[in-house]
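Notes for the one structure printed next.
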Amino acid sequence: MSDKTMIEAIRECLRQEMEADSRVVVIGEDVGRLGGVFRATDGLQAQFGKNRVVDMPLAEGVIIGSGIGLAMSGLRPVIELQFLGFGHQAFHQLGQQVARLRFRSQGRHSLPLVIRSPYGGGVRTPELHSDAFEAFYTHTPGLKVVAPASAHDAKGMLAEAIASDDPVLFLEPLKGYRLVKDDVPDERFRTPLGKLRVMREGTDVTLIAWSAASVMVNQAAEILAERGISAEVLDLRSLNPLDVDGITASVEKTGRAAVIQEASFTGGFASEIIATVQEHCFYNLQAPILRITAPDTPYPLGAVEDLYVPDIDRVVNEVTALVQESA
Amino acid sequence: MSDKTMIEAIRECLRQEMEADSRVVVIGEDVGRLGGVFRATDGLQAQFGKNRVVDMPLAEGVIIGSGIGLAMSGLRPVIELQFLGFGHQAFHQLGQQVARLRFRSQGRHSLPLVIRSPYGGGVRTPELHSDAFEAFYTHTPGLKVVAPASAHDAKGMLAEAIASDDPVLFLEPLKGYRLVKDDVPDERFRTPLGKLRVMREGTDVTLIAWSAASVMVNQAAEILAERGISAEVLDLRSLNPLDVDGITASVEKTGRAAVIQEASFTGGFASEIIATVQEHCFYNLQAPILRITAPDTPYPLGAVEDLYVPDIDRVVNEVTALVQESA
Amino acid sequence: MSDYRFVPSDEPVAPFNLLAQDGTLHGQPSMTDAQVFDALRYMVLTRTFDEKATALQRQGRFGTFSSVRGQEASVVGSSFALDPSKDWIAPQYRELPALLRHGYPLENFALYFMGNPRGGSIPEGVNLLPLQISLAAQIPQATGVAWGLKLQGSDGVALTYFGDGASSEGDFHESLNLAGVVKAPVIFFLQNNGWAISTPRAIQTAARSFAERALGYGIDGVVVDGNDLLAVYEVTAAAVAKARAGGGATLIESVTYRTGAHNTADDPSRYIDNDELAAWVAKDPIERVENYLRKKGVWSDSDAQQLREECAQEVDRAVTAARAIPLPTSDALFDHVYADPPALIQQQRQTWKKREAQS
Amino acid sequence: MSDYRFVPSDEPVAPFNLLAQDGTLHGQPSMTDAQVFDALRYMVLTRTFDEKATALQRQGRFGTFSSVRGQEASVVGSSFALDPSKDWIAPQYRELPALLRHGYPLENFALYFMGNPRGGSIPEGVNLLPLQISLAAQIPQATGVAWGLKLQGSDGVALTYFGDGASSEGDFHESLNLAGVVKAPVIFFLQNNGWAISTPRAIQTAARSFAERALGYGIDGVVVDGNDLLAVYEVTAAAVAKARAGGGATLIESVTYRTGAHNTADDPSRYIDNDELAAWVAKDPIERVENYLRKKGVWSDSDAQQLREECAQEVDRAVTAARAIPLPTSDALFDHVYADPPALIQQQRQTWKKREAQS
Ligand SMILES: Cc1ncc(C[n+]2csc(CCOP(=O)(O)OP(=O)(O)O)c2C)c(N)n1
Ligand SMILES: Cc1ncc(C[n+]2csc(CCOP(=O)(O)OP(=O)(O)O)c2C)c(N)n1
Ligand SMILES: [Mg+2]
Ligand SMILES: [Mg+2]
């Protein structure tokens with residue numbers, strides 16, 4: 001065990017999994033010599049060579065599409081998408097091919113494929129680099145979607161994703177790459193997909209988030225506690241499979257829920273969580289489920305992004321109002 | 001006024017709008033000589049020539065992308081996407097360019113662009129032709145999304161979309177092209193976006209749907225009425241802008257709601273409606289909002305699609321259970 | 001290979017050809033007579049299937065599908081250059097005989113177009129990608145398969161089929177470019193059959209030939225007479241040999257013609273030029289092979305007759321077998337979506353089962 | 001045009017050049033001295049801006065941005081071939097001088113990279129698309145603009161800039177192909193600056209030249225020395241004239257080099273070859289133009305000095321003006337998203353305003 005930043009945990013996982021299984025290959029834009037624009041693959045090409053860590057031509061469609069082919073041929077590719085926004089360029093490969101190959105071939109072709117991608121805002125990246133686009137992928141049957149918030153989970157869940165015979169979209173909070181730091185085993189381990197993580201126990205309200213928002217919400221819960229509101233914080237970590245039981249158990253206990261997402265309001269994954277919670281916990285709910293999100297506008301340039309992405313203040317204020325109004 | 005099928009109403013609208021405004025041009029795959037695979041543009045090339053009705057090379061990205069350019073140059077393009085599933089190939093143009101051009105240019109470039117596309121299942125089309133993918137586009141700020149269920153609305157709302165300076169994704173229920181037939185004015189008219197249509201009034205439960213599902217749900221309501229359940233049927237028609245007030249008013253009256261969509265369960269537009277209804281009508285609801293959808297699997301081949309897409313029986317049975325259990 | 005390689009020139013390229021329509025030979029083919037007999041069998045078999053399935057479709061007893069009519073030499077000649085035990089095929093949707101030769105059962109093909117998901121099932125060991133409906137999407141995948149085989153030390157190659165229409169998609173470009181960079185052993189087999197539904201070749205591109213595009217990716221390009229079984233085989237076999245030897249990718253443009261409708265739902269009379277069609281019908285690829293064999297004195301009317309009878313029987317058997325398979329249940333919606341299905345999907349499966357049992 | 005057109009050949013193509021580094025002329029340029037002075041001003045102005053903004057960025061007073069350093073001749077030479085009153089530019093993100101010449105204020109550019117959405121504002125009448133971050137996405141749009149101008153009877157053209165990296169995206173292919181089919185008056189100006197972040201040209205494609213790809217779309221292709229202002233202008237002006245006259249599209253490959261970092265967040269020492277870099281620094285495009293003017297006897301040290309002082313002042317003015325603009329409020333999130341905003345978005349605007357007022 002030792003304290004590691006999220007990016008260190010990811011890099012260590014990649015190195016160890018590549019050491020353990022020679023079928024694991026890494027492909028993407030600038031992943032080789034440069035080690036990735038966030039250095040997630042730093043040192044891997046030097047260690048494993050140019051055939052296992054491959055700088056690709058700049059074309060997301062064929063990066064994903066050839067990754068499918070590599071997997072069919074017997075390898076276990078881990079693809080780095082430089083930013084999740086550029087998944088749009090590969091959307092046909094992701095949504096119709098990656099997610100459906102097993103079904104379309106009736107089980108002939110497994111797809112042990114991981115697509116890692118930094119995502120989310122808060123670090124003043126250029127246009128189209130910061131949007132939290134997870135909802136496109138959680139509405140894509142056949143594709144698993146994971147979005148850890150801690151370095152520990154990043155390592156354990158990435159290892160699990162690499163071991164999986166289903167394709168996994170692995171979302172990394174780029175804001176957390178260097179800011180998030182926690183205790184992570186030095187040796188290989190796996191964290192199963194489909195179980196949420198209770199970041200903090202509480203009795204008045206359940207706060208549900210994932211990825212960078214979990215970290216922020218947990219800080220908000222601290223302040224809420226000072227105000228006398230006991231919030232339970234759930235870090236979903238895995239969006240598909242989703243831990244419906246874990247969510248239900250918490251909301252049944254607290255009777256109130258708020259879902260916090262970075263994405264724009266309409267049609268985000270928060271809507272899905274709300275639809276699920278109202279279905280399972282209808283008779284326990286003391287108030288409407290609260291939705292804290294960005295507005296229905298495109299992710300803006302850096303100088304105003306703090307007005308766009310939900311922050312601690314908003315969570316504290318809106319959750320306080322929720323609890324007080326339904327007390 | 002005369003009875004027209006949906007495809008006739010669409011064709012008539014296109015012809016009349018092209019006659020009225022020489023800036024309106026139609027581009028797409030097979031829209032010219034063939035008149036479109038569903039004949040929506042039949043006769044238009046003969047009438048308006050090859051410069052206004054253009055058969056395009058087979059590439060959805062540049063069909064949408066060049067449409068953006070045509071609009072910037074001063075035209076008002078109406079694009080036919082042969083099937084909505086092939087919007088995936090153009091997803092980067094749709095999600096990042098079409099939807100954001102006005103914002104990114106801070107108002108310099110309007111985008112009077114309509115993208116028409118048949119969508120939805122039930123007619124035994126090949127793989128990847130039938131999925132109801134509206135939720136990708138309702139989660140795309142800047143893009144309006146319309147999904148009429150009647151021939152009347154198809155004509156009126158398409159005219160409105162063509163007149164709009166915002167880009168509009170215009171979804172046409174391919175199942176309804178020839179099956180749906182209703183009274184449509186022969187002259188030009190416009191139906192504003194953002195108001196739902198009450199297909200049937202009722203008091204026990206509100207059934208919410210759009211596109212082909214509205215027609216099916218309305219038939220189910222007939223049967224429910226025979227069983228003594230009075231269902232109000234809302235055809236949303238316009239998904240963005242969404243008529244939140246219209247939905248709220250109905251659910252406040254009935255106290256129960258079911259949302260019916262063709263798309264797979266997790267993260268569909270139904271989830272958004274449920275999140276919205278529980279927010280606005282929490283204290284009126286007598287039961288959890290019901291979600292009737294396809295399962296979380298890819299749209300299957302034709303021989304089993306009837307098991308996949310929600311049908312009248314399912315709606316009748318599940319809504320009956322909802323009403324009886326919460327009576 | 002160098003004989004056929006697209007060499008930059010200001011002259012349009014004439015397709016490589018070995019066999020005239022009347023069966024006269026212009027060069028030295030490497031296909032043996034045994035191979036030609038075998039190939040002819042696949043050509044006639046699928047022509048028979050196309051006719052039968054089209055008839056059934058008209059009676060509502062079969063789904064919409066796209067026949068290979070007119071393109072049999074193109075598809076069969078190319079697939080015969082592959083070794084099914086180690087080479088891969090990534091098809092579009094119009095290449096039935098190639099699938100059959102590679103090991104995909106005719107029965108599955110019929111089942112697939114009867115709308116049964118089980119029809120998509122590819123037997124273990126058959127190195128085939130699913131039929132591709134989303135045009136061009138298989139091209140990057142084929143490139144990846146080929147590259148992966150090379151990375152793992154196999155000398156297998158991948159061949160992908162796609163149409164003149166599909167070649168306009170971005171996936172085409174991205175794939176050929178990657179193949180050039182990583183020297184993937186992949187054959188890009190472009191069937192220029194004149195049409196993409198109603199869109200003629202001239203609207204698809206202003207290029208003189210599709211094969212010229214190879215230059216822009218640093219790979220080889222060839223144009224071949226797609227109605228000439230021997231020429232198609234020759235060119236493809238050379239591309240395969242080059243790829244196996246580490247020489248990288250080839251773009252083959254097979255110039256042929258779709259003499260049927262786009263699919264059974266299409267009405268080509270709305271757009272097709274009858275003279276052009278007639279000219280191509282006169283270049284029928286099956287007739288050409290039979291003319292060749294007759295000229296050689298190894299083919300008679302009764303051989304032809306017998307072959308057709310055998311094919312009719314085989315088609316009947318497959319269609320009958322497919323039709324005998326019971327309609328799938330709701331399990332077919334859930335099977336094979338995930339290797340390890342999420343709990344929610346497992347619950348949905350149970351719900352669907354229960355509902356099915358009740359109705 | 002025919003002098004520069006890419007003629008298929010087995011020889012690699014040498015970039016078209018007019019000016020040696022020492023200022024010696026190899027041919028007959030059509031740029032007048034007045035134009036060259038004006039062009040030089042844009043080159044020095046943006047070099048000055050790049051240096052100033054990079055310094056500010058290091059102090060945390062400016063955002064991440066990509067400088068045009070080393071590519072000034074390529075960008076300025078090409079943009080000078082356009083008539084801003086009727087021609088359009090669809091930029092990538094590294095073409096500041098072209099934007100300025102076309103009428104986009106330097107202040108807006110500074111504002112944009114300070115993260116203010118207002119910086120994206122394009123003045124009415126300026127025929128410019130927004131900066132493009134999603135690589136290659138502007139190429140289809142430029143094709144559409146050009147085609148639309150033609151359909152409406154204008155003789156305006158569109159020119160789009162993009163990098164060697166961006167050229168690998170499918171959008172490149174689809175656009176050039178469409179341009180060939182509809183004969184759109186568009187100039188595809190590919191800046192081959194050797195790199196896409198850390199990815200060298202050799203990994204981007206195995207093609208000998210990017211310009212060769214033009215053949216596969218039935219359009220013209222040219223390779224030009226991108227560090228030669230006169231040659232770039234010459235070739236682009238010829239392409240523009242051809243397009244105006246109805247001759248369709250041209251792909252211009254401008255061979256140049258990014259002598260700075262990819263952007264202010266990048267550390268090229270991790271991947272760049274120092275000798276290669278030094279060789280290109282020695283081909284500095286600004287020096288080359290000044291050498292030319294000196295040789296002609298129309299440029300002195302004091303002219304050079306004065307130009308730099310004027311540019312420094314202009315940059316200071318623009319940056320000061322941009323910095324003086326107050327931070328935007330939450331309205332900046334909502335303005336210009338829709339021409340006719342849905343009720344829900346209008347409500348959100350009010351909510352955001354109220355929240356802002358309270359904090
Ligand atoms: C991405 C995509 N766009 C559109 C379609 C609809 N479509 C099906 S077949 C076809 C024409 C294909 O032409 P081509 O690639 O030449 O193949 P051919 O049918 O001639 O064999 C079209 C447009 C599709 N299946 N996929
Ligand atoms: C579609 C897309 N993929 C990836 C990126 C990330 N990215 C930004 S710049 C860049 C390199 C671009 O290289 P090139 O097109 O040659 O332009 P240059 O920076 O050299 O001017 C990359 C990969 C992006 N912005 N857009
Ligand atoms: Mg074709
Ligand atoms: Mg570059």
Side-chain angles (χ1 to χ4, degrees), chain B residues 28-39 42 45 50 54-63 65 82-83 85-86 88-90 92-93 123-131 264-266 293-311 313-314 317-318, chain C residues 63-66 93 111-120 130-137 163-172 196-200 203-205 262-263 265-268 270-271 327-330 332-335 337-338 342 344-345 348-349 351-352 355-356 358-359:
Chain B
E29 292 161 9
D30 304 297
V31 295
R33 187 94 170 257
L34 185 64
V37 288
F38 294 103
R39 308 289 182 265
D42 199 15
Q45 192 178 68
K50 288 194 176 178
V54 187
D55 280 322
M56 295 286 279
L58 206 165
E60 290 77 11
V62 77
I63 292 175
Q82 202 161 73
F83 290 89
F86 308 129
H88 278 60
Q89 266 80 357
H92 57 302
Q93 291 292 342
V123 300
R124 311 275 181 270
T125 50
E127 271 191 312
L128 304 165
H129 282 64
S130 308
D131 304 74
S264 56
F265 179 85
T266 297
T293 78
D296 280 316
T297 64
Y299 200 101
L301 293 186
V304 281
E305 67 177 323
D306 293 343
L307 299 173
Y308 182 84
V309 177
D311 61 9
D313 270 6
R314 261 192 82 187
N317 292 338
E318 298 188 23
Chain C
T64 300
F65 86 108
S66 293
Y93 46 68
L111 208 54
Y112 178 90
F113 285 105
M114 286 159 66
N116 189 325
R118 305 287 180 240
L131 296 191
Q132 187 55 265
I133 302 295
S134 191
L135 287 164
D164 46 313
S167 77
S168 296
E169 292 280 0
D171 276 337
F172 166 91
I197 309 185
S198 74
T199 307
I203 288 186
Q204 207 58 248
T205 185
H262 167 64
N263 63 24
D266 178 43
D267 172 12
R270 292 179 71 97
Y271 55 80
L327 267 189
T329 66
S330 67
L333 303 178
F334 297 93
D335 288 345
V337 177
Y338 292 93
L344 184 62
I345 281 83
Q348 290 176 355
R349 183 197 280 263
T351 307
W352 254 255
R355 188 183 311 130
E356 203 173 22
Q358 285 163 354
S359 72

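Labels below follow one simple rule: chain letters A, B, ... track the order of the sequence lines, proteins then strands, and each chain is numbered from 1.
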For [X] versus [Y], what's the shortest heavy-atom pair and its separation?
X: B:D55; Y: C:I203; value: O-CG2, 3.4 Å
X: B:L128; Y: C:Q132; value: CD1-OE1, 4.2 Å
X: B:R314; Y: C:W352; value: NH1-CZ2, 3.6 Å
X: C:P117; Y: B:V304; value: CG-CG2, 3.6 Å
X: C:L327; Y: B:A303; value: CD2-CB, 4.0 Å

Residue [X] versus chain B: region with a heavy atom under 4.5 Å:
X: C:T329; answer: backbone
X: C:A136; answer: neither
X: C:Y93; answer: neither
X: C:Q358; answer: neither
X: C:L344; answer: side chain

**Report entry** Which of B:G61, B:G302, B:P57, B:G35 touches chain C most, by non-hydrogen pairs under 4.5 Å
**Finding:**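 Counting heavy-atom pairs under 4.5 Å, the top option is B:P57.
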Query raised in the report: Looking at B:P298, B:P295, B:G32, B:P300, which one has more heavy-atom pairs under 4.5 Å with chain C than the rest?
Result: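 Option with the greatest count: B:P295.
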Which atoms of [X] come close to chain C, meaning under 4.5 Å heavy atom to heavy atom: side chain ones, backbone ones, both, or neither?
X: B:H88; result: neither
X: B:E60; result: both
X: B:V62; result: neither
X: B:F265; result: side chain
X: B:Y308; result: both
X: B:T266; result: side chain

Query raised in the report: Using a cut-off of under 4.5 Å for heavy-atom pairs, which of C:L333, C:T205, C:D266 has the most such pairs with chain B?
Result: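 Option with the greatest count: C:L333.
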Requested in this report: Examine distances only and state if a side-chain atom of B:Q89 and a backbone atom of C:E169 form a donor-acceptor pair shorter than 3.5 Å.
Outcome: no
Query raised in the report: Under 4.5 Å between any side-chain heavy atoms of C:I197 and B:E29, yes or no?
Result: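 They are not in side-chain contact.
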Report task. Please examine the side chains of B:R124 and C:T64, heavy atoms only from C-beta on, and report whether any two atoms are closer than 4.5 Å. Result -> no
Roughly how far, to the nearest 0.5 Å, is the [atom2] atom of [Y] from the [atom1] atom of [X]?
X: C:I345; Y: B:S264; atom1: CD1; atom2: OG; answer: 9.5 Å
X: C:R355; Y: B:L307; atom1: CZ; atom2: CG; answer: 9.5 Å
X: C:T199; Y: B:L34; atom1: OG1; atom2: CG; answer: 8.0 Å

Requested in this report: In plain terms, say whether B:D30 and C:R270 are close enough for a salt bridge, that is, a side-chain N and a carboxylate O under 4.0 Å apart.
Outcome: no
